[in-house]
*Asks:* 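Before anything else, here's the structure in question.
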2 protein chains.
Amino acid sequence: MQLNNTSKYAIRILSYISNKGQCSAKELSEKLSIPYKFLTKITTELVKADFILSIRGREGGYKLSRESCNITIMEILKHFNEFNHQKECLLGIGMCDGKNKCGMHDQWAKPKKMIQDMFENTTIENLEKNSYKI
Amino acid sequence: MQLNNTSKYAIRILSYISNKGQCSAKELSEKLSIPYKFLTKITTELVKADFILSIRGREGGYKLSRESCNITIMEILKHFNEFNHQKECLLGIGMCDGKNKCGMHDQWAKPKKMIQDMFENTTIENLEKNSYKI
DNA sequence: GTTTAATTCTACCTTTTAGTAGTATTTAAC
DNA sequence: GTTAAATACTACTAAAAGGTAGAATTAAAC
Ligand code: SF4
Ligand code: SF4
């Protein structure tokens, strides 16, 4: 029931960049305790997905490519396949409609809605500042 | 954000056994579309954890070792390491107390409580019957 | 223009999760 | 007692997630 590491790292990276304005991969790696090479893999992905933009060369780094209030957690999670179409549910019955549902459906409905709304409504701006530690 | 396959299978297995009374690994494998060898690995684990008891030899199979109303989803998930001590949270800050918390803590608190309560309060008996399909 | 500090690309390695194979053991039915 | 249908044990393989290595590219600083 946890997010995968890549998603967790991505959230913390975006949060840190948001608070810092601009910063390098080296700084991110050190401050967030994320292995440098793995971090750059994720930041490169974040650049391609237009969450951040990169400034190459000396004195370079990353900064947000849009306002932090316009980046929702849900958008990040979807990008890293955390909430894709058929994988959003507990027991993962293939096509769930009125007729076919898994045994947990009724119990899962409310908490699921709540957590999805939370992910939709929470943006990078909303996150607690300076709470980027491990 | 999904449960792992083993946990999902375990819930469906227990639900099916509960509705059927007693049944063999072969039947479980066929009806639940779970690979036979993988299924027996899980049932053996369920026997050791005292969720079910096995009847060996010809005409054998499995049945619940306690009332279905006494088996909570939470207990199953905990057994398969889905909700162990430090792994229950989103961003996974090491030791979260009043001082140290991850950026998502405030937003996550309510949905987390809700889903945990749901897992605590839902038993095998509560699950929708005959909703054991893939 | 050279240096240096930065990002990017390609490819590989490691760990965990998921699944498979084969054999041994148990026990009711005959 | 032999057979057949069942579970249990040991060990392996495959796929996905997590992480590493090294070289190539970029651009500000000097
Ligand atoms: S039946 Fe409901 S809870 Fe189960 S996988 Fe489908 S949508 Fe999710
Ligand atoms: S700070 Fe809160 S939300 Fe974050 S990992 Fe700890 S308990 Fe979970």
Side-chain angles (χ1 to χ4, degrees), chain A residues 1-13 17 20-65 77 79-82 84 87 91-92 134, chain B residues 1-13 17 20-65 77 79-82 84 87 91-92 134:
Chain A
M1 284 298 297
Q2 268 201 313
L3 300 179
N4 61 43
N5 267 3
T6 307
S7 302
K8 290 194 271 189
Y9 286 160
I11 294 171
R12 291 167 62 217
I13 289 165
I17 294 174
K20 203 69 195 302
Q22 179 181 329
C23 65
S24 69
K26 185 156 175 284
E27 179 179 350
L28 285 166
S29 169
E30 286 167 357
K31 290 292 173 57
L32 302 182
S33 303
I34 301 172
Y36 179 81
K37 286 290 191 179
F38 193 36
L39 177 130
T40 57
K41 202 180 207 173
I42 297 170
T43 50
T44 300
E45 185 63 27
L46 288 171
V47 169
K48 285 179 182 160
D50 194 37
F51 287 106
I52 57 180
L53 48 85
S54 69
I55 298 122
R56 296 188 64 162
R58 190 167 169 161
E59 307 285 296
Y62 304 100
K63 48 181 160 183
L64 295 189
S65 60
L77 298 184
H79 190 80
F80 290 102
N81 292 320
E82 199 76 62
N84 54 5
K87 287 190 68 178
L91 300 186
I134 293 175
Chain B
M1 286 297 297
Q2 268 201 313
L3 300 180
N4 61 43
N5 268 4
T6 308
S7 302
K8 290 195 272 189
Y9 287 159
I11 293 171
R12 291 167 60 217
I13 289 165
I17 294 174
K20 203 68 196 303
Q22 178 180 330
C23 65
S24 69
K26 184 157 175 285
E27 178 179 351
L28 284 167
S29 169
E30 287 167 357
K31 290 291 172 57
L32 302 183
S33 303
I34 300 173
Y36 179 80
K37 287 289 193 179
F38 194 36
L39 178 129
T40 56
K41 202 180 208 174
I42 297 170
T43 50
T44 300
E45 186 63 26
L46 289 171
V47 169
K48 284 179 182 162
D50 194 39
F51 287 105
I52 57 181
L53 47 86
S54 69
I55 298 121
R56 296 187 66 163
R58 191 167 169 161
E59 307 286 296
Y62 304 99
K63 50 180 159 183
L64 295 189
S65 60
L77 298 184
H79 189 81
F80 289 102
N81 291 320
E82 200 76 62
N84 53 7
K87 286 190 69 179
L91 301 186
I134 293 177

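Quick note on labels: first sequence line is chain A, next is B, and so on, each numbered from 1. Note that the structure is predicted; figures quoted are calculated from it, not measured.
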*Asks:* Counting only non-hydrogen atoms, which of residues 43-57 of chain A are less than 4.0 Å from DNA chain C?
*Replies:* Thr44(A), Lys48(A), Ser54(A), Ile55(A), Arg56(A), Gly57(A)
*Asks:* Under 4.0 Å from OP1 or OP2 of dA18(C): is there any side-chain N or O of Tyr9(B) that close?
*Replies:* no
*Asks:* I want to confirm an ordering. Mapping Arg58(A) and Lys41(A) to their closest nucleotides on DNA chain C, which one lands closer to the 5' end?
*Replies:* Arg58(A)
*Asks:* Are Ser24(A) and dA5(C) close enough that a side-chain N or O sits under 4.0 Å from OP1 or OP2?
*Replies:* no
*Asks:* Rounded to the nearest Å, what distance is computed from the CD1 atom of residue Ile42(B) to the C1' atom of nucleotide dT20(C)?
*Replies:* 13 Å
*Asks:* Between atom OG of Ser24(A) and atom CD1 of Ile17(A), what is the distance when rounded to the nearest 0.5 Å?
*Replies:* 10.0 Å
*Asks:* Show which side-chain atoms of residues 48-58 of chain B pair as donor or acceptor with protein atoms under 3.5 Å away, not counting sequence neighbours.
*Replies:*
{"residue": "Asp50(B)", "atom": "OD1", "partner": "Ser65(B)", "partner atom": "OG", "Å": "3.2"}

*Asks:* Within the structure, does a side-chain N or O atom of Tyr36(A) lie under 4.0 Å from either OP1 or OP2 of dT7(C)?
*Replies:* yes
*Asks:* Please confirm whether the shortest side-chain N or O distance from Asn5(A) to OP1 or OP2 of dA17(D) is below 4.0 Å.
*Replies:* no
*Asks:* Kindly point out which of dG19(D), dA8(D), dT8(C) is positioned nearest to the side chain of Tyr62(A)?
*Replies:* dT8(C)
*Asks:* In the structure I gave you, are the side-chain heavy atoms of Leu28(B) and Tyr62(B) within less than 4.5 Å of one another anywhere?
*Replies:* yes
*Asks:* Residues in ring pair (Phe, Tyr, Trp, His ring centres under 6.0 Å) with Phe38(A), at least two apart?
*Replies:* Tyr9(A)
*Asks:* Just jot down the side-chain contact (heavy atoms from CB on, under 4.5 Å) partners of Lys20(A), sequence neighbours excluded, or say none.
*Replies:* Tyr16(A), Cys23(A), Glu27(A)
*Asks:* Starting at atom CG of Leu39(A), determine the distance to atom P of dG18(D), rounded to an integer number of angstrom.
*Replies:* 15 Å
*Asks:* Whole Å only: how far is the CD1 atom of Ile34(A) from the P atom of dG18(D)?
*Replies:* 13 Å
*Asks:* Could you state the atom-to-atom distance from CD of Gln2(B) to C1' of dA17(D) in whole Å?
*Replies:* 15 Å
*Asks:* Check this for me: does the side-chain of Lys37(A) come within 3.5 Å of the base of dG18(D) through a donor and an acceptor?
*Replies:* no
*Asks:* Given dA18(C), dA29(C), dA6(C), which nucleotide is nearest the side-chain atoms of Glu59(B)?
*Replies:* dA29(C)
*Asks:* With sequence neighbours left out, what residues match Glu30(A) under salt bridge (Lys or Arg N to Asp or Glu O under 4.0 Å)?
*Replies:* Lys26(A)
*Asks:* Could you list the residues that satisfy side-chain hydrogen bond (donor to acceptor under 3.5 Å, both in side chains) with Asn5(B), not counting sequence neighbours?
*Replies:* none
